[in-house]
Structures are given as C-alpha cells and as structure tokens.
Amino acid sequence: MQRRSWAIGGCIGLAIGCATYGWLVADAALAATLAGVYAIATGLTLEHRSVVPLGSGRTAGYDPWSGAWTVVVSLAALCGVGFWLPLAPGLRLALQLLVLGVGLAALQFGIGLVRSLPADERPESERVGAD
C-alpha cells in the first residue's frame, strides 16, 4: 500500500469531516464517521487506480455493473434520505454524503477482495457476454 494514497485519503477525509462539523451539523460522531469513511474510500480508490482506469483511456467500454452500482447508491442517497423526511437540511445532506461514501468504500472493498485472491482463483479478464 502506498503512503501517498493514504495521506491524500486522510487529508480529504479530514477536510470532509471538518466541513461537515463546521457547516452542516455540529455532531462530532457524524463528522468523524464521515471523515473516516471518506479517508478509507479515497485511499482505496487511489490504491486501485491501476485496476479501474478512469477517463477516456478506458478500453473496456460500457460496464453495466458500474451503472447498476451508480443507480443503487444514488437512489439510496437521494431517495432514501429524501426531502420528505423530517430532518434539518444540513443533517439530510450529511446523511446523503455518508450513504455515498459508504457505497464508494464498499465498491473499493469488493475490488480489494478480488485483488487479494491468488492469481489462479481470480476471474478471467474477458468481456462479459462475449462469445
């Protein structure tokens, strides 16, 4: 694991935690949880950047699993913690950020689980559905 990835993740997590505490909701436990979740999610995302290429250089094309993940996590964050719940706006946004962060961290943990498998047990790198 690279120290630089975790240093950047820690800085981003700390910034999100401090911003949450200062601007959204003055709850130290929620702010600390958000800081930890985003530090881990960002650190793991940077660790896995060689496995999950981003941007226009991606050659695999459209991946339906990433689209499904995006829809499920977005629905949970935006509809599950919706405007109809009797919450203060700052608390609602903090909870939505928490759901998005946990979703990103869960995705990165899944990638880490596959990467930790022995080479002979890893799934083949074939395109899904190709004959």
Side-chain angles (χ1 to χ4, degrees):
M1 302 227 171
Q2 297 178 359
R3 290 183 185 200
R4 183 175 181 202
S5 298
W6 291 106
I8 293 171
C11 289
I12 289 175
L14 184 63
I16 289 174
C18 290
T20 298
Y21 188 81
W23 290 321
L24 297 179
V25 60
D27 182 1
L30 180 58
T33 302
L34 270 169
V37 164
Y38 275 94
I40 290 169
T42 304
L44 287 174
T45 300
L46 292 173
E47 284 288 324
H48 299 152
R49 69 183 176 273
S50 64
V51 178
V52 184
L54 302 173
S56 61
R58 186 169 183 177
T59 58
Y62 173 73
D63 182 9
W65 291 108
S66 65
W69 172 82
T70 303
V71 168
V72 168
V73 172
S74 298
L75 278 174
L78 301 176
C79 295
V81 188
F83 291 106
W84 47 86
L85 291 178
L87 299 172
L91 178 59
R92 179 180 299 114
L93 181 57
L95 291 175
Q96 288 172 333
L97 287 172
L98 182 62
V99 171
L100 291 171
V102 168
L104 178 61
L107 175 68
Q108 297 305 320
F109 282 132
I111 292 170
L113 286 170
V114 172
R115 289 184 76 188
S116 69
L117 290 173
D120 59 339
E121 293 181 19
R122 289 184 188 170
E124 295 182 27
S125 61
E126 296 178 354
R127 288 183 53 194
V128 175
D131 294 23

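Quick caveat: nothing in here was measured; it's all calculated off a predicted structure.
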Checklist line | Separation between CG of L100 and OH of Y38, rounded to the nearest 0.5 Å | finding: 5.0 Å

Next item on the list: For residues G10 and A39, report the shortest heavy-atom separation together with the two atoms involved.
Entry: CA-CB, 4.0 Å

Check: If every non-hydrogen atom of S5 is compared with every non-hydrogen atom of R49, which pair is closest and at what distance?
Finding: OG-NH1, 3.6 Å

List, one per line, each side-chain donor-acceptor pair under 3.5 Å for residues 21-37, sequence neighbours excluded.
| unit_1 | atom_1 | unit_2 | atom_2 | d |
| --- | --- | --- | --- | --- |
| D27 | OD1 | A29 | N | 3.3 |
| T33 | OG1 | A29 | O | 2.7 |

Next item on the list: To the nearest 0.5 Å, tell me how far I40 CD1 sits from T45 OG1.
Entry: 11.5 Å

Check: Taking it one step at a time, do L87 and V81 satisfy side chain to side chain contact (heavy atoms under 4.5 Å, CB included)?
Finding: CA-CA 9 Å; L87 299 172; V81 188; 4.2 Å; yes

Next item on the list: With rounding to the nearest 0.5 Å, note down the distance linking OG1 in T20 to CG in L93.
Entry: 7.5 Å

Note to self: Please say yes or no: joined through hydrophobic side-chain contacts below 4.5 Å, possibly via intermediate residues, are L85 and F83 part of one cluster?
What the structure shows: no

Check: Minimum heavy-atom separation for W69 to L107, with atom names?
Finding: NE1-CB, 3.8 Å

Indicate every side-chain donor-acceptor pair of residues 109-118 with a distance under 3.5 Å to a residue at least two apart or in another chain.
| unit_1 | atom_1 | unit_2 | atom_2 | d |
| --- | --- | --- | --- | --- |
| R115 | NH1 | E47 | O | 3.3 |
| S116 | OG | G112 | O | 3.4 |
| S116 | OG | L113 | O | 2.8 |

Item checked: All side chain to side chain contact (heavy atoms under 4.5 Å, CB included) counterparts of L75, not counting sequence neighbours -> V71, C79

Margin query: I'd like to check the side chain to side chain contact (heavy atoms under 4.5 Å, CB included) partners of I12; sequence neighbours left out, ordered by chain and number.
Written below: I8, I16, T42

